[in-house]
Protein chains: 2
Amino acid sequence: MAQHGLKSTRQRSLIIDTFFSVGGHLSVEELWNKVREQDTKVSVATVYRTMKLLNDCGLAHARNFGDGQTRYEAAAGRHHHDHLICTRCGRIVEFENDRIEAMQEAVAKKHGFTVTSHKMELYGLCKDCQRIPGSPKTEA
Amino acid sequence: MAQHGLKSTRQRSLIIDTFFSVGGHLSVEELWNKVREQDTKVSVATVYRTMKLLNDCGLAHARNFGDGQTRYEAAAGRHHHDHLICTRCGRIVEFENDRIEAMQEAVAKKHGFTVTSHKMELYGLCKDCQRIPGSPKTEA
DNA sequence: ATACCTGCAAATGTTTTGCAATGAT
DNA sequence: ATCATTGCAAAACATTTGCAGGTAT
């Protein structure tokens with residue numbers, strides 16, 4: 001970390017290790033809770049600061065799935081991908097599709113735009129939730 | 001409006017008229033400013049409440065382009081569409097592409113999802129901004 | 001030693017809400 | 001008259017920041 005003038009601290013190591021070992025698409029609060037299982041003293045502010053750094057370094061990507069919280073996913077050496085989000089159980093599935101990406105480029109070009117980034121999210125019901133009628137987020 | 005137990009008030013009429021006549025993708029604050037040109041007394045809370053109603057009725061759609069504010073666009077009788085957003089000047093261009101939609105469906109089906117809604121946003125530089133080096137949001 | 005980091009609490013920015021007063025039907 | 005709606009100010013949320021003390025290099 002020293003190459004960017006960053007220091008390796010107990011808190012940062014714990015936060016980063018936890019983030020990568022838990023995986024998925026964690027909100028800061030979720031990550032904070034996991035971190036506090038190991039060290040009760042770590043403050044949210046530090047988790048926010050650390051995830052921001054990780055994002056700036058390109059090791060994590062900030063995402064926003066419309067639930068009002070920023071979520072982070074590991075990014076090291078990963079391809080760009082998009083997401084399917086189950087609006088009932090919250091499951092998030094990642095996918096890649098080169099043909100869609102190509103068509104996005106084509107659409108942008110048609111409108112004179114140069115695309116630097118994009119996001120695409122498909123919301124709906126996952127396989128399991130389609131057969132279960134009733135209200136969302138009510139796991140058995 | 002009576003069919004939903006909603007009442008027609010001076011504030012609502014003004015907010016709704018303003019929203020539809022200004023058009024585009026307005027944040028609540030932008031809309032509030034426009035509204036106050038006609039009536040200084042209208043509160044932000046009322047604008048928030050009215051736009052939420054309009055959204056629930058399906059007459060407006062809430063959008064989130066990553067600038068931290070919810071933006072609303074008119075929705076009455078419009079097709080689904082996606083957006084190109086210029087990260088320099090903030091210009092927003094709408095587009096429709098049936099082939100991309102079809103491929104989204106296909107991807108979802110492959111993963112066992114039923115899609116109920118989706119969002120796709122392409123961020124980059126518009127035609128005009130590509131030729132202007134320098135910092136964003138600095139209009140001549 | 002010298003930056004950089006941390007925790008805390010206070011501040012931020014956006015959106016929501018409780019409540020008493022006002023207004024529409 | 002009744003019940004929805006308003007404005008205001010306070011509350012709620014997620015996130016950021018100032019600062020004084022602590023820590024890695």
Side-chain angles (χ1 to χ4, degrees), chain A residues 1-19 24-57 59-73 85 90 137, chain B residues 1-19 25-57 59-73 90 137:
Chain A
M1 309 209 81
Q3 63 266 40
H4 295 93
L6 298 179
K7 286 178 180 170
S8 163
T9 65
R10 183 172 37 85
Q11 293 87 327
R12 282 187 181 164
S13 301
L14 175 57
I15 292 166
I16 294 173
D17 287 352
T18 306
F19 172 65
H25 301 77
L26 289 171
S27 69
V28 171
E29 198 177 354
E30 288 166 352
L31 179 54
W32 186 39
N33 288 330
K34 292 288 182 187
V35 164
R36 280 192 297 178
E37 291 174 8
Q38 303 301 126
D39 180 346
T40 339
K41 300 288 173 52
V42 178
S43 79
V44 224
T46 300
V47 181
Y48 274 104
R49 287 189 271 231
T50 303
M51 292 315 294
K52 181 151 294 196
L53 286 172
L54 230 46
N55 184 68
D56 294 346
C57 292
L59 293 173
H61 279 152
R63 297 276 183 181
N64 203 160
F65 297 127
D67 63 348
Q69 294 182 205
T70 300
R71 293 178 175 279
Y72 289 93
E73 62 180 14
I85 297 121
K137 298 264 183 189
Chain B
M1 310 208 79
Q3 61 266 38
H4 296 93
L6 297 179
K7 286 177 180 171
S8 161
T9 66
R10 183 173 37 83
Q11 293 85 330
R12 282 187 181 165
S13 303
L14 176 56
I15 292 166
I16 294 172
D17 288 353
T18 307
F19 172 65
H25 301 78
L26 290 171
S27 69
V28 170
E29 198 176 355
E30 287 166 352
L31 179 55
W32 185 39
N33 287 331
K34 293 286 183 188
V35 163
R36 280 193 296 179
E37 291 174 9
Q38 303 300 127
D39 180 345
T40 339
K41 299 287 174 52
V42 178
S43 78
V44 225
T46 301
V47 182
Y48 274 104
R49 289 190 269 232
T50 303
M51 292 315 294
K52 180 150 294 196
L53 286 172
L54 230 45
N55 184 68
D56 294 346
C57 292
L59 293 172
H61 278 152
R63 297 278 182 180
N64 204 156
F65 296 127
D67 64 349
Q69 293 184 200
T70 300
R71 294 178 173 280
Y72 289 93
E73 63 179 14
K137 298 266 181 190

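In what follows, chains carry the letters A, B, and so on, assigned in the order in which the sequence lines appear, proteins first and then strands, with residues in each chain numbered from 1.
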To the nearest Å, how far apart are [X] [atom1] and [N] [atom2]?
{"X": "A:L26", "N": "D:dT15", "atom1": "CG", "atom2": "C1'", "value": "17 Å"}
{"X": "B:R36", "N": "D:dC8", "atom1": "CZ", "atom2": "P", "value": "10 Å"}
{"X": "A:I16", "N": "C:dC5", "atom1": "CD1", "atom2": "P", "value": "11 Å"}
{"X": "B:K7", "N": "D:dT2", "atom1": "NZ", "atom2": "P", "value": "12 Å"}
{"X": "A:R49", "N": "D:dA14", "atom1": "CZ", "atom2": "C1'", "value": "15 Å"}
{"X": "A:R71", "N": "D:dC13", "atom1": "CZ", "atom2": "P", "value": "16 Å"}
{"X": "B:L14", "N": "D:dT5", "atom1": "CG", "atom2": "P", "value": "17 Å"}
{"X": "A:K41", "N": "C:dT6", "atom1": "NZ", "atom2": "C1'", "value": "13 Å"}

Within this structure, what is the [atom1]-[atom2] distance for the pair [X] and [Y], rounded to the nearest 0.5 Å?
{"X": "B:H25", "Y": "B:E73", "atom1": "NE2", "atom2": "CD", "value": "4.0 Å"}
{"X": "A:M51", "Y": "A:F19", "atom1": "CE", "atom2": "CZ", "value": "4.0 Å"}
{"X": "B:Q11", "Y": "B:I16", "atom1": "CD", "atom2": "CD1", "value": "11.5 Å"}

Should [X] be listed as having a side-chain N or O under 4.0 Å from OP1 or OP2 of [N]?
{"X": "B:T70", "N": "C:dT15", "value": "yes"}
{"X": "B:S43", "N": "D:dC8", "value": "no"}
{"X": "B:Y48", "N": "C:dT15", "value": "yes"}
{"X": "B:Q11", "N": "C:dT22", "value": "no"}
{"X": "A:T9", "N": "C:dT6", "value": "yes"}
{"X": "A:R12", "N": "C:dT6", "value": "yes"}

Any side-chain heavy atom of B:Y72 sitting closer than 4.5 Å to one from B:L54?
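Contact flag for B:Y72/B:L54 side chains = no.
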Measure from the side-chain heavy atoms of B:V42 and tell me the nearest of D:dT25, D:dG7, C:dT16.
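Nearest nucleotide to the side chain: D:dG7.
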Could you work out which one of C:dC5, C:dG7, D:dT6 sits closest to the side chain of A:T46?
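For the A:T46 side chain, the nearest candidate turns out to be C:dG7.
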So what does A:V44 touch, heavy atoms closer than 4.0 Å: a base, only the sugar-phosphate, or nothing?
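Counting heavy atoms under 4.0 Å across all strands, no contact is made by A:V44.
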Once you apply a heavy-atom cut-off of 4.0 Å, does A:R10 come out as touching a base, just sugar-phosphate, or nothing?
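Nothing, no nucleic acid heavy atom in range.
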List the atom of B:K41, the atom of B:D39, and the distance in Å for their closest heavy-atom pair.
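Closest approach of B:K41 to B:D39: N-OD1, 2.8 Å.
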